[in-house]
Structure formats: C-alpha cells, structure tokens
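Working notes for the structure below.
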Amino acid sequence: MKIKKDTTIALLLDELGINRETVVVSKNGSVAIEEEPLEQGDTVDIIKIISGG
Amino acid sequence: MRCDNCDGAPVYNRRYSGQKFCHDHFTEYFERKVKKTINDSGMIKRGERIGVALSGGKDSITLLSILNKMEDIELFAIAVDEGIKGYREKSLHVAKKFCKETDISLEIISFKNSFGVTVDETKDHACSFCGVLRRRLLNDRAKELGLDKLATGHNLDDETQAIMINYIRGDPERLLRLSNSTHSDKFVPRIKPLQEMPEKEVGLYAVLNFNIDFSECPYAGDSFRTGIRDFINTLERDNPGIKFSIKRGYEKLTPYLESYPTKELKECPLCGEPTSGEVCKVCDMLQSTKMFINDNKNRRE
C-alpha cells in the first residue's frame, strides 16, 4: 500500500483501524516500537497477539 | 531511537512509564517483574509441586518457561483438549514440542474422554461451557497428582476484563473470588504469576522468545468478554496505564467485599463436588448439552 509522508507505525495502525495494544509490529523483519518512522518500500508485519474466549 | 539502557534498537515503548527497551533489556525486565510478583505475594514456596495449565498459547508457554527458570520447584504441565477442530491441534503441537525440548512432564486430557462431549458439539455459550469444564478437569488432575498449586497464564488484561465484567453484572461474590480462591479442600489453590503483565507485553515476550501460533479461538467473537476487552484496550490506547488503575482500584475495594455475605458451599448431588447451587455448574451444563445433542440426533433419525 502507498503510505503518507512522515508516517510512523502508530499512524499506519490508526489508518488501518488497528489498536496498538493488540499487536506486535515488525519493520523489515525486526520487531519495532510504534513510534518508528516508515518509508515507502518498508515491509511491515502486524502480529495480532490478543487471544479471546 | 535507542533503548534507555543501552545503544540497542528499541522493541518496546512502555508508554505508562515512558521507558524504551531493546530485545535483551525487555526480556530481562519482563522476567524480573514476573518473579517479583511471585516473590512479593509468596505465591510459590520452595519445594512446592506446581501444575501449569498449558494451552500452548503465548500466555501459558511464557508462564511455563519463566517458572522453569526458578529453582527448587517441581513442574507438571497439564493441557486440555476441549475439542475445537482446526484450533486446538495447533497449540497442542506447540505445547508438546515445548515440553519435550524443556523436559517438562506433560499430560493431555480431553473433554471427549472425560465428559463425552466437545465444545464443538455445544449449541450456545461455548465460552462459559469451555471455561467451567476446563477448570474442573484441571482441578481434578491437579488433585490426583497431589500438586500444591495450579498456575494459570492469566495476564493483566484477563484480570481487568474479569473485574469490569463483574462490576457491570453487579456480582460482588464473583468479584471477590478473583482475588480469593474458594476455600475448600476440594480445590487446589490457583495462582496467576502473570497477573501484573499487560497482554501486549506477554505477546511481545512470546514473539521475541518462542515460535507461537497466535490464532484466536473461533468462539472468542461470540463472547461478552470480547466487547469488554475491546473497550478496555481503547481506554488503554488513549490513557496508558489505565489497566493498572482498574486493578489497583479493585484491590482497594477487596477488603470491603470480604464482608459481603457469600453462599455456603454444599455437595453437588450428582458428582459430589462443592457447589453454591442445587447442582454444580459442570453437571448442569453437561445435562443441558447432552439433552441438546440427543434432541438433534433424534431429529435426524
């Protein structure tokens, strides 16, 4: 997907409607904090870590 | 951006304290805090035989791994196969692999063998059916093994969800039971060493240290708890630390709850286990589920 300029993982999660409390995110294969900046071409993996029941 | 303790890249920003941690310092912080929770509350004493309710998910694998680093305790992992097709097989595979690698004794008990029914065969209320029957099986096996305590992987989120659910339902007896296990020699005391760890931190610890399957139970979406979970997570996102605030508020309230009159326990006439009702919840649920299964079978024939 195309990302906006000066975006971060946190802003991307907001845009996708995903609560940061429920996921662990990695950028280019390494776990990163949500304040990490993103650039076009970065690979982002979002792992949903909450369980239910 | 750097870790607050070294030059490493941060993997966690603990927003409620403003600290950033790299992989190694997060792991160290996490394990130290769980051990502090255990030591401060005297949950586990030297030489005790501890059962660990192991599902193979992030919480129970994290719990078992940290307990396995403690000295002078004996560990027994107990896994329950509730009969949820396409879900439980994967986590049981993780549980078996983990116990084999760490040389921890593992026993798997199933709803089908013990009660003759699976969660997939229930009509409604899969979550409460599963929870009630799983607690019974774990307690029964822990008693048979003569264990001193039964440890479960409940984290801070589980605790705050249970507190809010019981506030909303106006159920002071259940609220009190969250901190005080029911006193009866028929119940093995339960401990929750991860109760001070937010689910996000448990998830991160598991991602960094294990190869875990994060699939969600297919019945989770149906539960009232899911709505409460999402509500609290929205509060936490906008007000970091609110989960601790909910738990601390509850702990301040607990002494007042202790004076609330509780129902006396008697023996269930069907199974002999303690109950505050006429029949215990396990027998009640099994009766209605088996009636439902038989009705369906008769209709098909």
Side-chain angles (χ1 to χ4, degrees), chain A, chain B residues 1 3 9-15 20-23 26 55 57-59 82 84 87 91 119 126-128 130-131 134 153 155 157-158 161 198-208 212 214-223 225-226 229-230 232-238 240 242-243:
Chain A
M1 67 183 279
K2 217 170 165 62
I3 56 164
K4 288 176 193 160
K5 218 182 159 206
D6 297 327
T7 202
T8 60
I9 290 175
L11 290 170
L12 176 69
L13 292 175
D14 286 346
E15 206 176 317
L16 295 171
I18 298 170
N19 188 330
R20 59 191 287 165
E21 298 304 318
T22 65
V23 293
V24 168
V25 182
S26 70
K27 177 183 136 179
N28 301 328
S30 300
V31 173
I33 59 174
E34 283 84 5
E35 288 70 21
E36 184 76 20
L38 289 177
E39 285 172 26
Q40 200 65 47
D42 283 336
T43 303
V44 175
D45 288 311
I46 302 170
I47 307 163
K48 189 179 171 199
I49 50 90
I50 56 166
S51 52
Chain B
M1 275 176 285
C3 167
V11 295
Y12 183 52
N13 178 10
R14 196 170 67 176
R15 292 198 302 148
K20 294 184 186 68
F21 298 87
C22 66
H23 182 152
F26 173 76
S55 67
K58 67 178 191 309
D59 302 295
E82 305 91 346
I84 303 172
Y87 169 69
S91 57
V119 166
C127 287
S128 45
C130 182
R134 191 173 49 214
N155 57 47
D157 291 41
D158 297 318
Q161 288 157 21
E199 186 157 27
K200 166 114 177 170
E201 294 184 11
V202 182
L204 177 57
Y205 183 88
V207 167
L208 294 174
I212 297 279
F214 282 94
S215 315
E216 195 170 16
C217 175
Y219 297 104
D222 298 336
S223 73
R225 181 179 277 265
T226 308
R229 176 188 79 188
D230 294 345
I232 297 174
N233 275 331
T234 303
L235 288 178
E236 180 70 29
R237 182 194 63 201
D238 301 337
I242 203 94
K243 290 174 186 171

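Letters go in sequence order (proteins before strands), and every chain restarts at 1. Remember, predicted model here, so these are calculated numbers, not experimental data.
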Which heavy atom of [X] sits nearest to which heavy atom of [Y], and what is that distance?
X	Y	answer
Tyr87(B)	Ser215(B)	CE1-O, 3.4 Å
Cys3(B)	Cys22(B)	SG-N, 3.3 Å
Lys20(B)	Asn13(B)	CG-OD1, 4.0 Å
Val119(B)	Cys130(B)	CG2-CB, 3.8 Å
Ile84(B)	Cys217(B)	CD1-SG, 4.1 Å

Among residues 7-17 of chain A, which ones touch chain B with a heavy-atom distance under 4.5 Å?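 Residues in range: none.
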
Positions in residues 21-29 of chain A that reach chain B, provided some heavy atom is under 4.5 Å away: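 Result: Glu21(A), Thr22(A), Val23(A), Val24(A).
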
Is it the backbone or the side chain of [X] that comes under 4.5 Å from a heavy atom of chain A, or both, or neither?
X	answer
Phe214(B)	both
Ser128(B)	neither
Val11(B)	both
Ile212(B)	neither

Would you please test Glu199(B) and Lys58(B) for salt bridge (charged side-chain N to carboxylate O under 4.0 Å, His left out) and show each step? CA-CA 9 Å; Glu199(B) 186 157 27; Lys58(B) 67 178 191 309; 2.7 Å; yes

Would you call the rings of Phe26(B) and Tyr205(B) parallel, tilted or perpendicular, where under 30° means parallel and over 60° means perpendicular? tilted

Could you check whether any side-chain heavy atom of Arg229(B) comes within less than 4.5 Å of a side-chain heavy atom of Asp157(B), counting everything from C-beta outward? no

Do the charged groups of [X] and [Y] touch, with an N to O distance under 4.0 Å?
X	Y	answer
Glu34(A)	Lys200(B)	yes
Arg20(A)	Glu35(A)	yes
Glu201(B)	Lys243(B)	no

